[in-house]
Structure formats: C-alpha cells, structure tokens
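Only one structure is covered here, and it is reproduced in the block below.
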Amino acid sequence: MIVLKTNRELSLMREACRVAAGALRVAGEAVEPGVTTGEIDSIARKYIEKHGAIPTFYHYNGYPATACISINDEVIHGIPSNKRVIKAGDLVSIDLGATLHGYVGDNAATFAAGDISPEAKRLSDTTRESLYEGIKAAVAGGRIGDIGFAISRYCEDRGFSVVRDYTGHGVGTQMHEDPSVPNFGTPGRGVRLLPGMTIAIEPMINLGTADVRKMSDGWTIKTRDGKLSAHFEHTIAITPDGPKILTVE
Ligand code: MF3
Ligand code: CO
C-alpha cells in the first residue's frame, strides 16, 4: 500500500530528513585514513541523538549499528567496527537514517579516503550524478520505471553496471514502504507517481559485474567479482511543483 503524505506530514518528514542529512555530512567529514568505521558510526549516532532523533537502522531486523559503512567491493550493509580501519585510497559508502516525530529520513553517499584511483572517482561521480538523473525523472504523472530507466541509462552508457538485487523504496513512518524503486526499468511502466509520495532513490553502481553476494555476517553485500561499488541515496517528495529533495540541511 502506498501512503500519500499530507503537507503537514511532509514538513515533519523534512525535519527527520534534515537530521539524516546532517548526520551523513558529519560522518562523511570524518572519513580519512586511520579512522575506524566504528568511530564514524558513533559520530553519526551522537549527531542524530543530539538533534532529538533516533538512529533508524539500529535494531532494524536486528541490525547492530547506526550506519551501514561499506568499503570498496562492499556494496551496502557493511557493519561498522572499531577494528575496521579505513586506508588511503578506500571508497567509503555511508548509509544512515534518522527518525524524528515518527517519520524517517534515509540517505547515503560515497566518500573518498585520501587520494582514490581515477576509476574509483569516476564510479563515485557517475553514481552521484545518476541519483540526480533519477530524481529529475520523479515527476507527478510519470511512472516508477522512468526513474530506474534514467539511472541505468546514465550509468550503463558510462560502462558501469546497476545492482538489481536491491532497490530504493517508499519511506514515511516506516523506513521501507511501497513502492519498490528499482534502479532500472522501462519508461512509462510501473506504479504511477503522485503528489504526496515520498521515496528513497538509491543507485548502487558497480565497476564490474552487477552480481552481488551476502557475506557470512548475514549483512554485508559485496560485488561478486571483488570490484568497486558506490552508493548514493536521497529521500525525496513528489510534489505538484516537481521532485523535492528532503535529505538536505
Ligand atoms: N538504508 C537501507 C535502505 O536504504 C537499509 C538499511 S538496512 C538496516 O534501505 F538494517 F541497516 F537498517
Ligand atoms: Co534506503
């Protein structure tokens, strides 16, 4: 069931999303060689709590942390640890959510630790740009397939592959609501986009194969070929005036 949000609900969501965006910013600013992913997680948790919000991911299906921090060939759902030290050249994807007034803001971004390879930079830049291509396509009267088509065309034209096993999603009082928002699709197909819909668009883009596998920790998703992956996500609202990004400060 797709829940359309009233303007009042959208302004509450905006506050949750603002906190999520700030937490992602401070977490990203902390990414540098020598820092552990556990330290970054606690920076994010403290920011969220200081702003009166709750880390959405913590205890979600038993998840043990505030953020997912996924390095290099890790695509999503990497579990932060005080033993995991970030190295120069690492590509570090951070995904986190904040719940405020009962509404969820969900966002992610990929950060460079020190100097990264030109191909890592190109992958990360392309993934970020593809998120904005997807957002541009999220207009009332359009269809879900328009979003995924825009993202996949942008990335595949540049030689990258789109992860198909995980998708974006509706978001509201729950982190995961209908509809599912794949990063691939056919224009004009799928659920109709309507004003009041709030969705998380989150391209997960790989340098090599699109195939992924889950690690034995039960969470971490890696590329099957061990090549790099990047991930960017915004929570947005579909409005009569076009898509509005909610996860900004
Ligand atoms: N942020 C992820 C998403 O965008 C979900 C994280 S799973 C969790 O859908 F268990 F870590 F919360
Ligand atoms: Co999400």
Side-chain angles (χ1 to χ4, degrees), residues 2-3 5 13 16-25 27-28 37-38 40-42 44-45 47-48 53-71 74-81 84 92-100 103-111 127-128 130-132 134-135 138 144 147-148 151 162-184 197-205 212 214-222 229-238 243 245-248:
I2 295 171
V3 184
K5 280 76 178 180
M13 267 194 82
C17 287
R18 195 193 304 279
V19 175
L24 184 60
R25 175 178 53 77
T37 58
I40 291 174
D41 190 72
S42 79
R45 178 175 48 77
Y47 184 97
I48 290 168
I54 296 165
T56 311
F57 296 6
Y58 187 62
H59 285 177
Y60 181 85
N61 291 336
Y63 189 71
T66 291
C68 299
I69 306 182
S70 310
I71 301 177
E74 296 168 356
V75 180
I76 47 168
H77 300 172
I79 302 173
S81 157
R84 184 75 185 273
V92 181
S93 297
I94 304 177
D95 185 354
L96 58 83
T99 304
L100 185 62
Y103 288 86
V104 172
D106 187 8
N107 61 180
T110 296
F111 301 92
T127 306
R128 184 192 326 100
S130 79
L131 169 58
Y132 292 98
I135 292 169
I144 279 288
I147 299 172
I151 292 168
V162 173
V163 172
R164 286 166 184 261
D165 294 358
Y166 296 87
T167 67
H169 48 90
V171 52
T173 59
Q174 306 299 312
M175 172 160 63
H176 293 142
E177 296 185 355
D178 288 338
S180 163
V181 184
N183 296 303
F184 54 90
M197 281 174 67
T198 46
I199 57 176
I201 304 179
E202 49 177 317
M204 290 150 266
I205 307 300
V212 299
K214 190 185 278 186
M215 297 297 102
S216 57
D217 62 14
W219 284 101
T220 311
I221 305 299
K222 284 194 190 187
S229 188
H231 179 208
F232 284 84
E233 175 180 29
H234 272 307
T235 297
I236 70 151
I238 292 164
I245 301 176
L246 300 179
T247 37
V248 285

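Both counts, for ligands and for their atoms, begin at 1 and track the order of listing. Position 1 is the first residue of the sequence, and the numbers go up from there. We use all heavy atoms of the structure for the numbers below, so side chains are in, but hydrogens, waters and symmetry mates are not.
- Contact annotation: for D106 versus ligand 1, heavy atoms closer than 4.0 Å belong to the side chain alone.
- Under the rule for a side-chain contact (heavy atoms from CB on, under 4.5 Å), the partners of H176 that lie at least two apart in sequence or sit in another chain are Y60, H169.
- A side-chain N or O of S180 and one of T167 form a donor-acceptor pair less than 3.5 Å apart.
- Atom numbering of ligand 1 starts at 1 in the shown order; those under 4.0 Å from a heavy atom of E202 are 3 (C), 4 (O), 9 (O).
- Heavy atoms from other residues, nucleotides or ligands lying under 6.0 Å from OH of Y63 number more than 12.
- Side-chain contact annotation: S93 with S70, donor-acceptor N/O pair under 3.5 Å absent.
- Listing protein N, O or S atoms at distances below 2.8 Å from the Co ion (ligand 2), with waters left out, gives D106 OD2, H169 NE2, E202 OE2, E233 OE2.
- Looking at R128 and E233, no side-chain N of the basic residue comes within less than 4.0 Å of a carboxylate O on the acidic one, giving no salt bridge.
- Donor-acceptor pairing under 3.5 Å is recorded for the side chains of H234 and Y132.
- Heavy-atom contacts of E233 reach the following atoms of ligand 1: 4 (O) (cutoff under 4.0 Å).
- Nearest-heavy-atom check against atom 10 (F) of ligand 1 across Y58, F57, W219, Y166 picks out W219.
- Not counting sequence neighbours, the partners of Y47 by the ring-ring contact (aromatic ring centres under 6.0 Å, His included) test are H51.
- Judged as a side-chain hydrogen bond (donor to acceptor under 3.5 Å, both in side chains), and not counting sequence neighbours, S130 has no contacts.
- Of the protein's non-hydrogen atoms, D95 OD2, 3.3 Å is the one closest to atom 2 (C) of ligand 1.
- The ligand atoms of ligand 1 that sit less than 4.0 angstrom from a heavy atom of Y60 are 8 (C), 10 (F), 12 (F).
- Of the listed options H176, H77, H169, H77 places a heavy atom closest to atom 7 (S) of ligand 1.
- Shown in contact with C68 at under 4.0 Å from a heavy atom are these atoms of ligand 1, numbered in order with element: 11 (F).
- With hydrogens and angles left out, the side-chain atoms of T56 and T99 include a donor and acceptor closer than 3.5 Å.
- Across all their heavy atoms, I236 and A138 have their closest contact at CD1-CB, 3.6 Å.
- Of all the heavy atoms of A200, none lies under 4.0 Å from any atom of ligand 1, so neither backbone nor side chain is involved.
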